[in-house]
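Taking it in order: structure first as C-alpha cells, then the write-up.
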Amino acid sequence: MSRKRSRNIFIATCITPAIMLFALFMVVPTFEVFRMSLYNWGGLSGNKTFIGFNNFKVLWNDMRFIQSFQNSVLLIVLVAVLTIVVAIFFASVLTKEKVFATNFFRIVFYIPNILSVVIIAGIFSAVYNPRTGLLNSILGLLNLEQLQRQWLGNQDIVIYSLAGALVWQAIGYYMVMYMSGMASIPESYYEAASLEGAGKFKQFSAITLPLIWNNLRTTLTFYIISTINLSFLLVTAMTGGGPDGSTEVFLSYMYSQAYSNSTYGYGMAIGVVVFTFSFVLAAVVSRITKREVLEF
Amino acid sequence: MKETKRINTDTLYKVFIYVALITLAITIIIPVAWVFMASIKENQEFYGNPWALPQGIHFENFREAFVEAGMGDYFLNSIIVTSLALVFLLVLALPAAYVLSRFEFVGSKFINGFIKAGLFINVSYITVPIFLMLLGWDQSLRQIFDSGFFLNNLSVLALIYAVTALPFTIFLLSSYFETLPSDFEEAANIDGAGYFRTMFSIMLPMAKPSIIIVILFNFLLFWNEYILALTLIPGDKKTLPVGLLNLLAADRAAVNYGPMYAGMVIVMLPTLILYIIVQKRLTQGMTVGGVKG
C-alpha cells in the first residue's frame with residue numbers, strides 16, 4: 001500500500017464520522033428551520049402544505065410576537081449595558097488595584113456561570129418570592145417597605161427582575177474575559193500616565209478602554225447571542241412567559257408555538273426572523289463600534 | 001495640606017472598592033448558601049423568617065427528593081448521559097481536529113470553514129427540527145418493529161450533545177494542535193510509525209492540557225443542559241435538570257419546599273465541587289477560545 005493511499009485512508013477515517021454526524025444533527029436541522037417556515041405544518045399527523053411567506057405575514061400582526069420582540073430587545077440592551085459597566089469595573093479593580101484576596105473574589109464571581117439555568121431559576125424564585133423572598137425581607141430589614149414588590153407577579157417589573165437574574169449570571173464570565181485583556185497591558189503605560197499626573201479615571205479612559213476595545217467588541221456579539229438564548233432558558237424554567245405574556249421572549253414564543261402548540265411551521269418562521277435579526281444586529285453593532293486596533 | 005486631601009480621596013476610593021467587591025460577593029454567596037440551608041429545613045419553617053437558621057438537620061428532604069421525586073434515578077441518567085457524551089465527543093473530535101489542523105488535502109479549507117460556521121448554530125433554534133427528525137425515524141421504525149428507538153433514548157441524547165459540542169471543541173483543539181512543531185511527526189515517520197500510530201502515541205498525548213479543558217467545559221455544558229433533554233426525552237428517563245424543573249413546578253404548587261431545595265443541592269453540588277477543584281484551569285482555559293452558549 002502506497003504512502004499516499006494510506007494517508008488518504010487515514011484522513012478519511014479521522015474526519016468522516018465527525019462530519020457526517022455534524023451534517024446530520026446540526027446542518028440538516030438548520031436548513032429544516034428555513035424550509036419548515038414556508039409550510040403550514042401542524043399537529044403530529046404531519047400534514048403540511050406549502051404556503052410561501054404566509055407565516056411571516058401572520059407574524060407581522062401577531063401582538064404576542066411583537067411583545068416578545070420588545071421584551072427581547074429590552075433584555076439585550078439592559079443586560080449588555082449593566083453587565084459591561086459592572087464587569088469592566090470589577091475587572092479593572094481586580095487587575096489594577098492591589099486588592100486583598102483577589103483570587104477569592106475572582107473565584108466567587110465566576111460561580112453563577114457554572115450553575116444550570118434551572119438552578120438559577122430556582123434561586124431567583126426564592127429571592128423574588130413576595131412573601132418569604134430574600135429580596136423583600138432584606139428591604140423590610142432596611143425599613144424600605146415601600147420598595148417591596150411582587151417581583152415576578154407584577155407585569156410592569158417582571159422583565160427587570162429577569163434582567164437582574166441574567167446580569168447576576170453573566171458578570172463573572174465577562175469579568176474574566178476583560179481581565180485577560182487587561183492583564184496584557186504593560187504596567188509601564190500606567191506608570192508613565194501616573195507621572196504625568198493622570199488620575200485613575202483618566203488612566204482608564206485613555207489607556208485601558210482603548211486597549212481592550214477589540215475584546216469588548218467581541219463580547220458585544222456574545223451578549224446578543226447569549227441573551228437571546230439564556231433569556232429563553234430562564235423564562236421557560238422560571239415564569240413560562242407569564243404573567244400574561246409579559247416575559248415572553250423570542251425563543252420562548254417560538255418554542256411554545258412549535259413544540260407545545262404543535263404549529264411547527266409558524267414556530268420555525270419565528271426562528272428564522274429571530275436568527276436573521278440577531279445576525280443583522282450583531283453585524284450592525286460590530287460595524288458601528290469599529291475602531292482602529294491599537295497595538296502595544 | 002494638599003497631601004492629606006490626596007490621601008483622603010485615596011482611602012475613600014479604597015473603601016469604595018472593598019464595599020463594591022464585598023457586596024457583589026455577598027449577592028452571589030448568600031443565595032447559593034441559602035439554598036443549602038433551606039434544603040435541611042422542615043416545611044413549616046418556610047413560613048417564618050427566611051433568614052432563621054434551620055431548627056435541625058432535616059435530611060428527610062433529601063430522601064424525599066431522591067426516592068419519591070425520582071432524583072436518584074435522574075442522577076444516574078445524568079451521569080450516563082454526561083459521561084457517554086464526553087466519550088463520544090472525544091472519539092469524534094480528537095482525530096478530526098488533529099487532521100483538520102495538520103493535514104492539507106482537497107477540501108480541507110472548505111471543511112474547516114464548514115465546521116467553524118457551526119459555532120453560530122445555536123441549539124435552541126434546532127431543538128424542534130431535531131425532535132421532528134427523530135420522531136419521523138421512530139415512526140418508520142414502528143411500522144417494521146413496532147417500537148421506536150431514537151426518542152427517549154439516553155445514548156441518542158448523549159450523541160446529540162456530543163455533536164452539538166463538536167464545532168467549539170474542534171475549534172479549541174485545532175488551535176492547540178496548530179502550535180505543535182512538525183518535528184514530532186517527521187521523527188515518527190523516519191522511525192517507521194504509520195499515521196494512526198503517530199496520532200495515538202505521539203500527538204494525542206501531547207494535547208492532554210487541551211483535552212482536560214475540553215472535558216471540563218463540556219461536562220458543565222452537558223450536566224446543566226435541559227432544553228434538548230426536555231424535548232428529546234418525553235418519557236420518564238429524565239436527566240437531573242429536567243427532573244428538577246418538574247420538582248420546582250410540582251413543589252411550588254403543593255407548597256412542599258424542602259425537597260425542592262434538596263433537589264437543587266443535588267444538581268449543583270457536583271458542579272460546585274468540580275469547580276472548586278479546577279477553578280484555575282477553567283477561568284484560564286476560557287480565555288483560550290471562549291464562546292458563550
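No experiment lies behind these values; they were computed from the predicted model shown. Below, each value reflects all heavy atoms present in this structure, side chains not excepted, and no hydrogens, waters or symmetry copies. Here is how names work: the chains are called A, B, and so on, in the same order as the sequence lines, proteins then strands, and each is numbered from 1.
Both the backbone and the side chain of Ile123(A) come within contact range of chain B, judged by heavy atoms closer than 4.5 Å. Using a 4.5 Å cut-off between heavy atoms, Phe16(B) contacts chain A through its side chain alone, with no backbone atom that close. Proximity to chain B (any heavy atom under 4.5 Å) is shown, for Met26(A), by both the backbone and the side chain. With a 4.5 Å cut-off on non-hydrogen atoms, Val93(A) touches chain B through its side chain but not through its backbone. Heavy-atom distances place both the backbone and the side chain of Leu24(A) under 4.5 Å from chain B. Using a 4.5 Å cut-off between heavy atoms, Leu274(B) makes no contact with chain A at all. Interface residue Phe89(A): only side-chain heavy atoms are found under 4.5 Å from chain B. Using a 4.5 Å cut-off between heavy atoms, Met133(B) contacts chain A through its side chain alone, with no backbone atom that close. Using a 4.5 Å cut-off between heavy atoms, Arg131(A) touches chain B through its side chain atoms alone. Interface residue Phe10(A): backbone and side-chain heavy atoms are both found under 4.5 Å from chain B. Residue contact with chain B, scored on non-hydrogen atoms closer than 4.5 Å, involves the side chain of Met268(A) exclusively. For Ser278(A), the part lying under 4.5 angstrom from a heavy atom of chain B is the side chain only. With a 4.5 Å cut-off on non-hydrogen atoms, Tyr125(B) touches chain A through its backbone and its side chain both. Using a 4.5 Å cut-off between heavy atoms, Asn8(A) makes no contact with chain B at all. Heavy atoms closer than 4.5 Å to chain B are found nowhere in Thr219(A), neither backbone nor side chain. Using a 4.5 Å cut-off between heavy atoms, Thr13(A) touches chain B through its side chain atoms alone.
Aromatic ring centroids of Phe25(A) and Phe88(B) lie 6.0 Å or more apart. Taking the six-membered ring where the residue is Trp, the centroids of Phe114(B) and Phe22(A) are separated by under 6.0 Å.
The candidate from Val35(B), Ile160(B), Leu240(B) with the greatest count of non-hydrogen atom pairs under 4.5 Å with chain A is Ile160(B). Between chain B and the residues Thr132(A), Ile114(A), Thr218(A), the largest count of heavy-atom pairs under 4.5 Å involves Ile114(A). Per-residue counts of heavy-atom pairs under 4.5 Å with chain B were compared for Thr221(A), Ile138(A), Val272(A); the largest is that of Ile138(A). Chosen from Ile228(A), Thr30(A), Leu134(A), the residue pairing most often with chain B at heavy-atom distances under 4.5 Å is Leu134(A). Interface remark: of the candidates Val274(A), Ile15(A), Ile119(A), Ile119(A) forms the most heavy-atom pairs closer than 4.5 Å to chain B. Considering only heavy-atom pairs separated by less than 4.5 Å from chain B, the leading option among Gly122(A), Pro17(A), Gly271(A) is Gly122(A). Most heavy-atom pairs under 4.5 Å with chain A, from the set Leu94(B), Asn189(B), Leu166(B): that is Asn189(B). When each of Ile121(B), Ile276(B), Leu100(B), Leu220(B) is scored by its heavy-atom pairs under 4.5 Å with chain A, the top score falls to Ile121(B). Ranked by heavy-atom pairs shorter than 4.5 Å toward chain B, the options Val127(A), Leu141(A), Ile19(A) are led by Ile19(A). Comparing Ala93(B), Gly136(B), Pro167(B) by heavy-atom pairs within less than 4.5 Å of chain A, the highest count is held by Pro167(B).
In this structure, Ile17(B) CD1 and Glu97(A) CD are separated by 4.0 Å, a value rounded to the nearest 0.5 Å. Taking OH of Tyr110(A) as the start and CD1 of Ile28(B) as the end, the distance is 12.5 Å to the nearest 0.5 Å. Note that the OG atom of Ser116(A) and the CH2 atom of Trp223(B) stand 10.5 Å from one another [nearest 0.5 Å]. In this structure, Tyr275(B) OH and Ile111(A) CD1 are separated by 6.0 Å, a value rounded to the nearest 0.5 Å. Remark: Leu251(A) CG to Asn122(B) CG distance equals 7.0 Å, nearest 0.5 Å. Here CD1 of Ile107(A) is found 3.5 Å from CD of Gln279(B). Values are rounded to the nearest 0.5 Å.
In Phe103(B), the CZ atom is crowded: over 12 heavy atoms of neighbouring residues, nucleotides or ligands sit closer than 6.0 Å. Summarising the local packing, NZ of Lys14(B) is surrounded by more than 12 heavy atoms from other residues, nucleotides or ligands at distances under 6.0 Å.
Residues Leu248(B) and Val118(A) are in side-chain contact: their nearest non-hydrogen atoms beyond the backbone lie under 4.5 Å apart. Residues Ile227(B) and Leu233(A) are in side-chain contact: their nearest non-hydrogen atoms beyond the backbone lie under 4.5 Å apart. Between Ile11(A) and Tyr195(B), every side-chain heavy-atom pair lies at or beyond the 4.5 Å cut-off.
When all heavy atoms of Val99(B) and Cys14(A) are compared, the pair lying nearest together is CG2-CB, 3.3 Å. Here the closest heavy-atom approach between residue Val163(B) and residue Leu21(A) is recorded as CG1-O, 3.4 Å. Of all heavy-atom pairs spanning Phe120(B) and Phe275(A), the tightest one is O-CE1, 4.2 Å. The two atoms that bring Leu21(B) and Leu94(A) nearest to each other are CD2-CD2, 4.0 Å, heavy atoms only. Pro129(B) and Glu32(A) make their closest contact through CB-CB, 4.0 Å (heavy atoms, listed as atom of the first residue, atom of the second, distance).
No donor-acceptor pair under 3.5 Å is formed between the side chain of Asn229(A) and the backbone N or O of Ser124(B). A donor-acceptor pair under 3.5 Å links the side-chain atoms of Tyr18(B) to the main chain of Phe100(A), judged by distance alone. Between the side chain of Trp168(A) and the backbone N or O of Thr27(B) there is at least one donor-acceptor pair closer than 3.5 Å.
Residues meeting the side chain to side chain donor-acceptor pair (under 3.5 Å) test with Tyr128(A), sequence neighbours left out: none. Every residue meeting the side chain to side chain contact (heavy atoms under 4.5 Å, CB included) condition with Ala97(B), not counting sequence neighbours, appears here in chain and number order: Ile170(B), Leu173(B), Ser174(B), Phe177(B).
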Point to revise | CA sep, side-chain torsions, deciding dist, call: Tyr264(A), Leu132(B), side-chain contact (heavy atoms from CB on, under 4.5 Å) | key: CA-CA 9 Å; Tyr264(A) 299 118; Leu132(B) 288 175; 3.5 Å; yes
Exercise for review: Before giving the answer on side-chain hydrogen bond (donor to acceptor under 3.5 Å, both in side chains), spell out for Ser137(A) and Trp51(B) the whole-Å C-alpha distance, their side-chain angles and the decisive distance to 0.1 Å.
Suggested key: CA-CA 9 Å; Ser137(A) 83; Trp51(B) 299 105; 2.6 Å; yes
**Study point:** side-chain contact (heavy atoms from CB on, under 4.5 Å) assessment of Tyr257(B) paired with Asn129(A)
**Key:** CA-CA 12 Å; Tyr257(B) 291 110; Asn129(A) 187 307; 4.1 Å; yes
Exercise for review: Apply side-chain contact (heavy atoms from CB on, under 4.5 Å) to Leu115(A) and Asn224(B), showing your working.
Suggested key: CA-CA 7 Å; Leu115(A) 301 176; Asn224(B) 289 335; 5.8 Å; no
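Judged by distance alone, the side chains of Tyr255(A) and Thr231(B) do bring a donor and an acceptor atom under 3.5 Å apart.
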